[in-house]
Amino acid sequence: ADDLTLQLKWVTQAQFGGYYVAKDKGFYEEEGLNVTIKPGGPDIAPVQVLAGGGADVTVEWMPAALAAREKGLPIVNIAQPFKKSGMMLTCLKESGVADPKTDFKGKTLGVWFSGNEYPFLSWMNHLGLKTDGSPEGVTVLKQGFNVDPILQKQAACISTMTYNEYWQVIDAGIKPEDLVTFKYDDQGVATLEDGLYVLEEKLNDPAMEDKLVRFVRASMKGWKYAEEHPEEAAEIVLENDETGAQTIEHQARMAGEIAKLTAGSNGALDEADYKRTVDTLLSGGSDPVISKAPEGAWSSAITDKALQ
Amino acid sequence: MNRVVPVLTVLTALLLVWYVGAVALNAPWARDQASRAGDSLTLPALVHATMMQERPVLPAPHQVAKGVWDGVAGQKITSKRSLVWHAGITLSATLAGFAIGSLAGILLAVGIVHSRVMDLSVMPWAIASQTVPILAIAPMVIVVFASMGVTGLVPKAMIAAWLSFFPVLVGMVKGLRTPDRMQMDLMHSWNASGTQAFWRLRLPSAMPYLFASLKVAIAAALVGTIVGELPAGATAGLGARLLSGSYYGQTIQIWAALFAAAALAAALVAVVSGIERVTLRRMGLAR
Amino acid sequence: MSAALPLIAVWLGALGLNTWIARHRGPIPAMLVPLIFGATILILWEMACRNFAIPSVILPAPSQIWAAFTGNLPLLWGDFTQTILKGALSGWLIGAAAAVATAIAIDRSPFLQRGLLPIGNFVAALPIVGIAPIFVMWFGFDWQSKAAVVVVMVFFPILVNMVAGLKATDALARDQIATWGASYAQALVKLRLPAAMPFLFNGLKITTTLALIGAIVAEFFGSPTRGMGFRISTAVGQLNMPLVWAEILVAAIAGTAFYGVVALVEKKVTFWHPSQRQ
Amino acid sequence: MSVIEAQGVSLTFQTADGPVHALKDVDLTIGKGEFVSFIGPSGCGKTTFLRTIAALETPTEGRIRVNSLDADAARRARAYGYVFQAPGLYPWRTISGNISLPLEIMGFSKTDRTDRIARVLDLVELSGFGGKFPWQLSGGMQQRASIARALAFDADILLMDEPFGALDEIVRDRLNAALLELWAKTGKTISFVTHSIPEAVYLSTKIVVMSPRPGRITRIIDSTLPHERPLEIRDTPEFIRIAQEVREGLREGHSYD
Amino acid sequence: MSVIEAQGVSLTFQTADGPVHALKDVDLTIGKGEFVSFIGPSGCGKTTFLRTIAALETPTEGRIRVNSLDADAARRARAYGYVFQAPGLYPWRTISGNISLPLEIMGFSKTDRTDRIARVLDLVELSGFGGKFPWQLSGGMQQRASIARALAFDADILLMDEPFGALDEIVRDRLNAALLELWAKTGKTISFVTHSIPEAVYLSTKIVVMSPRPGRITRIIDSTLPHERPLEIRDTPEFIRIAQEVREGLREGHSYD
Ligand SMILES: Nc1ncnc2c1ncn2[C@@H]1O[C@H](COP(=O)(O)OP(=O)(O)OP(=O)(O)O)[C@@H](O)[C@H]1O
Ligand SMILES: Nc1ncnc2c1ncn2[C@@H]1O[C@H](COP(=O)(O)OP(=O)(O)OP(=O)(O)O)[C@@H](O)[C@H]1O
Ligand SMILES: Cc1ncc(C[n+]2csc(CCO)c2C)c(N)n1
Ligand SMILES: [Mg+2]
Ligand SMILES: [Mg+2]
């Protein structure tokens, strides 16, 4: 079988259920692949692993990928299993945030950095809010691994994913009615998440291309299976978690939420989604995330073949 | 035996402080919950509530104890939920890193004491090396190793070694230079070679410094390993356990892993102390 | 292979030069040797980056780092004040004071020594990585939580060394002062503290660098949008490696200077110790 | 009035290869203003006995009383000045600083300290070396500095362990004379270990001869010499007779091994 | 044939409060098999001169030749055994271990070492103390152990800095006799620092009197005593005359300060 290494963006969890299902159910094996899945972590920059040769394919968010591309690292999106964005800003009602257009000013907002800050920054750009600590803007906190800042009331709002952190806030005992959430999707600033990326040069190698085609095909099979069987997907994820920290309840719920995001994607990137992402990143004031529209940042070559 | 009473006394005092702290830190949350539910808490009810939270700001001692107990005794040792299993993974990398680090520290110190070129050139750069924030380059270290096909224990051990060589280096340089003038002169008058003076005078004189440094170094090696476990993809080990606990806001799990790590560190330091005591007694230095 | 040859040549040349210079005594060779050593490393690094075409997202060349350094001075200065001056320095001072005080307390009372030292070892061995998120929760996002991490981190090494130092007086000196009927405090101030200084400085020197690491690493777990740790993790995510290394350069300069100052004070304070007399 | 009183003092060190009987059944009474010399073969327990008086060792049997207090209480009352066999100067203090140390501990004022330091430095012929560090002095100079340190604070009892061992005859004679003068003037009680028979006879009112394995007192010789002692007294028949007696005592001790 | 040759040797220490002239224009030749004693007031440079011979200090002026080599080459050729003024035993080694140390360094075989250790321990009357650690011995015993250590490896030149300072008269006499016997039997060249005039006269073929500030040689007295020297020789007029001469020389040195 051909070896292939996949670098995840985050730790083992149902967010990556499709890949674990494909591996566990033997979908990769059927395609003659021997796939190694490497969990990520807070300080892993997946594109860096890719550049260092530590992985063949990586799961990454498009803003980070495009920014890397502009930095001169030629990476290409070859598939997009996630149709929708799961990002949102979750605020305590008592903090008095009701409308993003008017209420953020002067508030403290928790943001993920390490390449995950781009969607937030472009949203703030859209709103015309400064993020450099000046008085007419917002105060930005670098948010750690968890939802503590909102529980400790250190921030008015924090970044959450629909499938994960939001539920942690709920689990911590805060009632949904005490919270206000703003999905990036609803605000029109959604960017593509969890795509598959490779180094451009890999696409020029027919053998590699063939491997990738088989990989994407098997992965999508895994995703669709996970979409239909969230409970089972959660169990498979749990078995693959070496830290032993995950709970089945949380993962099952996550698998359900993830299914909502992958629904409607067959793996092929929808050019409209891509355009919207690029526009979001390009637009906005003085400090856009990318300075010009990228070229060749995605390729349908793999999905075209995989989906025949 | 004469240790038990003092240890217990201090322990009791500490637990008391801890419980008070737990009540104080967890109370706002309990009050908040109560007021959301529309009622207010009496003091006993408040104290009770602070002891029972699932994600307390500061878990009470018995909650942590239960976490540790579940992690140690409640699982098969080979289970991924067993703290023993995670501790074992961390321990192996710690020991490997400590061995590499202290050996490197000792060798560099020997070089520095004997060679002027090394004395002048190595020390400033050894210092500089320690100021490199390890967590920042740890992912790079892991990436670089991975690109060479090396994964698993070695990259973590290298980070542990990186942190542990420095205390040994500093302590050994000082220790090897401790013999006083007359003792060096005696060696000189016998025309002892550098090697002979090293084994018979410098090294024995350096022993107290060496062991003080080794104790620091082994604790540092553990920190290094845990740091290395964070970006290593957070798969296994106490570091991964800490991180995932932290990620899911499982304070009890964090504290349990923390205590396991501290117990491991204390055990390692105790082992070094034991070796120290035996060695110094053998050498007649402990009276 | 042929790409490695020039590197080896440069390395051998520099080694030879240094060996030759080190034969001369005086302050100028003492300055020159480490500089040449460092310059050699930098040249080798630059050559390696070019000859082996190492991508800059993995390892940038020194020239790129320098450009990032000079191009971002105000930014770097802001991060430096936030992390080093506020976080590391204050934490180090508090931690060192606490460790010395604890060592003396422990030394004074055999009861505490037997009771506190094992538990102290245990508590102090709590790895920072676990403590940092907790301290962020307790002390907030700003530098206070970073200082707290540094306090915990430097405490143990200084304590171990200080306890060893307080035991380091020889029997004659202890007997001597006993015959004068010195009180405990007097024996401590006049005899045992001075005798402990070489050990104490051992601990202080080791922890200068630990303090920097602690302050920087703690920022990975939550911080305001400034500080060296924040900048590093953000820049890694943006693949801005030259900026990452520029921050590391700042850390190295600050750490070396910090260490140098402590070593200088040590030289003044323990001038009498054989390792300083040579 | 007795200042130091030892009754049935024994002291045994436990070592890895068996016990060492450093002192065995030592009885001795030293009166106020006496000058007692201890003499005996190397290893016979002189230092150990002085240390026991100073409460630096605890006897395994018997008891010691100093100024009618137990030894340790006397130590805390700062009853004596002790000159150790090795100089034991602190390397981080200058010679003046070293002499100043016990004075600081005992709370002498700054000006008083300066005076006393100057006086004792002069006494041991080290004026001008106050600013040097110990390792910059010769062996004999270090020993004198340590004597100066013990004299500086004017304790009533002086315990001196071979203080003049590393000095040449001429300085030694001068310091002997100075010590006698100090003793006569101040009425201190002095216990003095020496290896020199003439020195013991010249200085003492009482000479205690000890012998090793186990360490014990074999003879106590009371001096019949007058209190006033010019250096020439060393040529008188009386002096020579006492010296001879001490020598015999010493020889007896040696014949044991 | 001259074994040690000093020509115009000066040595100045730079200290914080000005230079110290420890040696000034010292000229001295010591022939093979000579026994030379150095005597002089404390701080006159005796130790410094011995250290210079042993290449432990480098003269600021002049030069020293040992066995026609420069001093450092002679040191590397292991030309001498040095007994320091303080015992300087290693606390982590037993007495036997301390004596064994230079033998190990010089590559003596295990059995040879055991023999030699037993022999020198016996010579300094410490048989039975080989297994003790230094701090378990009295001051005099430590000093003897350090003498034993220097004698064990049979160097041709012995440099001894007040080796018998802490010993009582009787042991000292015995060790003096033993040293003389060793010297007669082996023809070693010995440089010997002492503060005792009788000891210097009794042992030496040549007595060097030194004087301080700056440290220099004021007299060199050749002994006219025969090589064969029973203890009673100390009562002969010849002995007393030489002793008197040395005493005068010493006194002169003292009058300087
Ligand atoms: N700490 C110790 N442990 C074991 N034995 C000891 C210790 N101190 C002294 N001794 C032994 O006690 C005996 C008496 O020693 P002490 O120092 O009193 O002799 P001393 O009469 O002062 O001899 P010297 O004239 O050589 O100084 C010696 O045999 C010595 O070995
Ligand atoms: N390392 C040093 N630094 C400065 N001065 C020194 C040093 N060593 C010795 N001296 C000075 O040199 C002079 C000679 O010292 P030396 O030790 O040779 O005297 P000595 O004749 O051996 O005296 P003693 O009989 O007291 O041992 C003294 O004045 C001393 O203060
Ligand atoms: C330090 C830190 N950095 C980034 C993220 C953001 N992030 C990357 S992948 C992913 C999926 C979460 O379920 C999220 C949230 C985080 N959480 N913590
Ligand atoms: Mg003694
Ligand atoms: Mg001397």
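Here is the naming used below: chain letters follow the sequence lines, and residue numbers restart at 1 for every chain.
- Using a 4.5 Å cut-off between heavy atoms, D:F129 contacts chain E through its side chain alone, with no backbone atom that close.
- Interface check for chain D: of the options E:E169, E:M141, E:R247, the most heavy-atom pairs under 4.5 Å are formed by E:E169.
- Atom-to-atom distance recorded for E:R174:CZ and E:I170:CD1 is 7.5 Å, nearest 0.5 angstrom.
- A donor and an acceptor atom, one from each side chain of D:T47 and D:Q85, are located under 3.5 Å apart.
- Only the side chain of D:R144 comes within contact range of chain E, with heavy atoms under 4.5 Å apart.
- For the set D:R172, D:K46, D:E162, the entry with the most heavy-atom pairs within less than 4.5 Å of chain E is D:E162.
- Cation-pi contact between D:R229 and D:Y202: absent, since separation from the ring centre below 6.0 Å together with deviation from the ring axis within 45° is not met.
- Salt-bridge formation is detected for the pair D:R241/D:E238: a Lys NZ or Arg NE/NH1/NH2 atom is positioned less than 4.0 Å from an Asp or Glu carboxylate oxygen.
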